[in-house]
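Data first, discussion second: the structure below is written as structure tokens.
When a ligand or atom number is given, it counts from 1 through the structure's own listing order. Values below: all heavy atoms of this structure, side chains included; hydrogens, waters and symmetry mates excluded.
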Amino acid sequence: MKLIAPIILLLLALFSISSAQLKSIEGNETKIEELISKMTLEEKVGQMTQVALQVITKEGKERVQIEPVHLDLEKVRELILKYKIGSFLNTGQAANSLEKWHEIITQLQDITLKESRLKIPIIYGIDAIHGATYTLGSTLFPQSFAIAASRNRELVRKSAEITALETRASGIPWNFNPVLGLGREPYWPRFWETFGEDSYLASELGYEYAKGMQGEDLSNPTSVVACLKHYIGYSVPNNGLDRTPSWIPDRALRDLFLPPFAKAVEAGALTVMVNSAELNGIPVHSSYYLMTKILKEELGFQGFIVSDWLDVKRLHSRDGIAETPKEAVKLAVLAGLDMSMVPLDVSFAVLLIELVEEGVVPILRIDDAVRRILRVKFALNLFEKPYPDRSLVSQFATKESAEVSRIAAQESITLLKNENSILPLKIVSKILLTGPTANKLMYLNGGWSYVWQGNNEELYPNEKHTFYEALQSGFGKENVNYIEGVKTSEVIDIESVVEAAKDVDYIIASLGEEPYCETPGNIFDLTLDEAQLKLVEELSKTGKPIILVLFEGRPRVINKIVDKVDAIVMGYLPGSEGADAMVDILLGKVNPSGKLPFTYPRFPGGNTTYDHKPIEESEDVHYTPQWPFGFGLSYTTFEYSNLTLSDAKSINDKLTVSVTVKNAGKVTGKESVELYITDLFGTVSRPSKLLKGFDKIELIPGESKQVEFLITPEHFSFHNRKNQKVVEPGDFIITIGNLKKKINLK
Ligand code: BGC
């Protein structure tokens, strides 16, 4: 009788979860229960504890960035054998070679598997954010906000597959990515880690990423378990600064911020990391409502929840909601946290044992957490294959993978201005290149690139091209003269640049930001640094055509110079192949097709996202972004016609929308065809429009294609005044390109 209840509960839980989740975890539940029944409290709590690499290396925090680390085996033994630690993370100061990773993972697994009682494999986690970030020589892709501009689901999936393969080739089966917060606050220094401001776009691309990362089956040797982060509400801090409070009413949380997580859970993603800060006055690491009620119960999430760095401790040391570190552990675990990224000691394990022994934390909660963690370890097949698979090395950082990264960059780069069709440039041209972001790979990659801040140029592969090198190879060395002129925020010598401009056909100004990641990237003014603006202002006086190229992690305000240049190309952080991709576009070898995944603000304040409310577009409040969400020019023109809606009468019917798109220009081009819905009347104010479909197609000159979208009630749904998810009948406008159709649905 006693056993039946948990089994029924388990079956019910498994029944309510998506088939993708099920596929990865089915078949292991009995083994997991057997294992749990053999575990001591110490062994269980050890599984819930994650420690950073620097704690178990001889070098510790003293590691010099480019010197390799060495495990301190005594320390490892203490952690694994005495404290039963089940997970490690991170890299210390810098990326390791493949061989070094193999050595580290092998040593850790050896001690667990040969010397521990239950031989439960370690799960190692890493931030493989736009490629295998922490393995030297890995393929680096455009950062997420860039690849979101490509609107190409297949490329997102492919980039995640390659990232998974290269992470697994390093012996690591767990990736702390994708970031599914929405990039709606351009000051926030992690803006570039998101798929942009739109909930639907982030949901669709997050889904593809999770699928690509985890593969058809997690037990596949090239699959890596994804970690959806940072759950939830981290990306819109009120003051724009990293790790500060957000306030999001439940309706907005459910309409905007939850769907990307829900969709990735549906894709089968099996781990989630918690928002490091607080939401609505409650540190998320202590929120039963968010972790247990919504994520585990409502969304049926069967994997495990890991804390972010130090964040359980911070409930005491920073947030003041726990009077002691022990109280902090209690709050987090009772709220539903399954694993703590402690990560610099084992205090979490020690305190949690006390809490269970004192009867404060029930053993059932511990078993639930351990069950979830073991579920992932079994799903990854770590019990059978715990060691690095050396056969994957030959597939690491191949030419083919670099080519995928280049295509991803080509499709991401977004043409924002092209006065008198100055682009593409003629190949026989004399070019003056200037600006701070032109001659280092770090400017193409940003944070999470071989080091946390991405700013160690020595670690980037030599053979990759900076923008300067790519221009030289595209236009001929003798035709490109580079004078830096300014650092990102400091003038060096603008006069020499102005002088040199006299002899050239074009000036290319490569502006943007230094690499940064997390809190070190905080800024207090969104306007691009004065030194860079001045460079362009001075150059504009020469009368020479100026092409402005931006490599930046968020849209820095450039309204002062927009009218002073002839063309503007948004490079984002396009990854290691990004410079070549940019030159492909400047030369017209590739027709640009990126579309902004966020609103590019005109001013440093008052940024308004595209899906704003009617009141934000009223007479007094002017909605005047520099460029709207979805903006992006091409070297050809696309004509839209025949917008047709199927015969839907009720809001609960499925609605098919089709449109014909023609390439009316002279060159082949790709176009993301985008469908927006405007709900004209609602019981709560409705956004001015919402993206609900996109499909990227390629057309040769003169060619037409019909594109079809299926709209379901889900696309019309939102949360009403009672926070219930509803569809409300009424008038809607469907917009694709410049075409609109009104429909009334009962
Ligand atoms: C970041 C996380 C990251 C973790 C581990 C934290 O500082 O907020 O995104 O996964 O470190 O490196």
Give a yes-or-no answer on whether the side chains of E197 and T609 include a donor-acceptor pair shorter than 3.5 Å. no
Check if E193 has a non-hydrogen atom at a distance under 4.0 Å from any atom of ligand 1. no
D127 N/O to ligand 1 N/O under 3.5 Å: yes
Could you tell me whether R372 and D368 make a salt bridge, using a distance below 4.0 angstrom between a side-chain N and a carboxylate O? yes
One finds that the ligand 1 atoms under 4.0 Å from a non-hydrogen atom of F176 are 10 (O)
Can you list the ligand 1 atoms lying under 4.0 Å from a non-hydrogen atom of M273? 2 (C), 10 (O)
Is the F145 to F195 ring centre distance short of 6.0 Å? no
Contact between ligand 1 and R243 is defined here as a heavy atom of the residue under 4.0 Å from a ligand atom; is it met? yes
Report the residue from S138, S144, S449 that forms a side-chain hydrogen bond (donor to acceptor under 3.5 Å, both in side chains) with H130. S449
Sub-4.0 Å atoms of ligand 1 with respect to non-hydrogen atoms of N90: 12 (O)
Distance filter under 4.0 Å to H230 heavy atoms, resulting ligand 1 atoms: 2 (C), 8 (O), 9 (O)
Compute both the distance and the angle, then confirm whether K229 meets the cation-pi test with W174: under 6.0 Å from the six-membered ring centre, within 45 degrees of the axis. no
Would you please classify the geometry between the F598 ring and the F191 ring as parallel, tilted or perpendicular, with 30° and 60° separating the classes? perpendicular
Does R153 count as lying over the ring of Y209, i.e. NZ or CZ under 6.0 Å from the six-ring centre, within 45 degrees of the axis? no
Distance filter under 4.0 Å to D308 heavy atoms, resulting ligand 1 atoms: 1 (C), 2 (C), 3 (C), 4 (C), 6 (C), 7 (O), 8 (O), 11 (O)
Near E518 (heavy-atom distance under 4.0 Å), the atoms of ligand 1 are 1 (C), 6 (C), 7 (O), 8 (O)
Ligand 1 and R190, any nitrogen or oxygen pair closer than 3.5 angstrom? yes
Are Y443 and E513 linked by a side-chain donor-acceptor pair shorter than 3.5 Å? no
Would you check the N or O atoms of W448, main chain and side chain alike, for any that come under 3.5 Å of an N or O of ligand 1? no
Could you tell me, atom by atom, which parts of ligand 1 come under 4.0 Å of a heavy atom of K229? 2 (C), 3 (C), 9 (O), 10 (O)
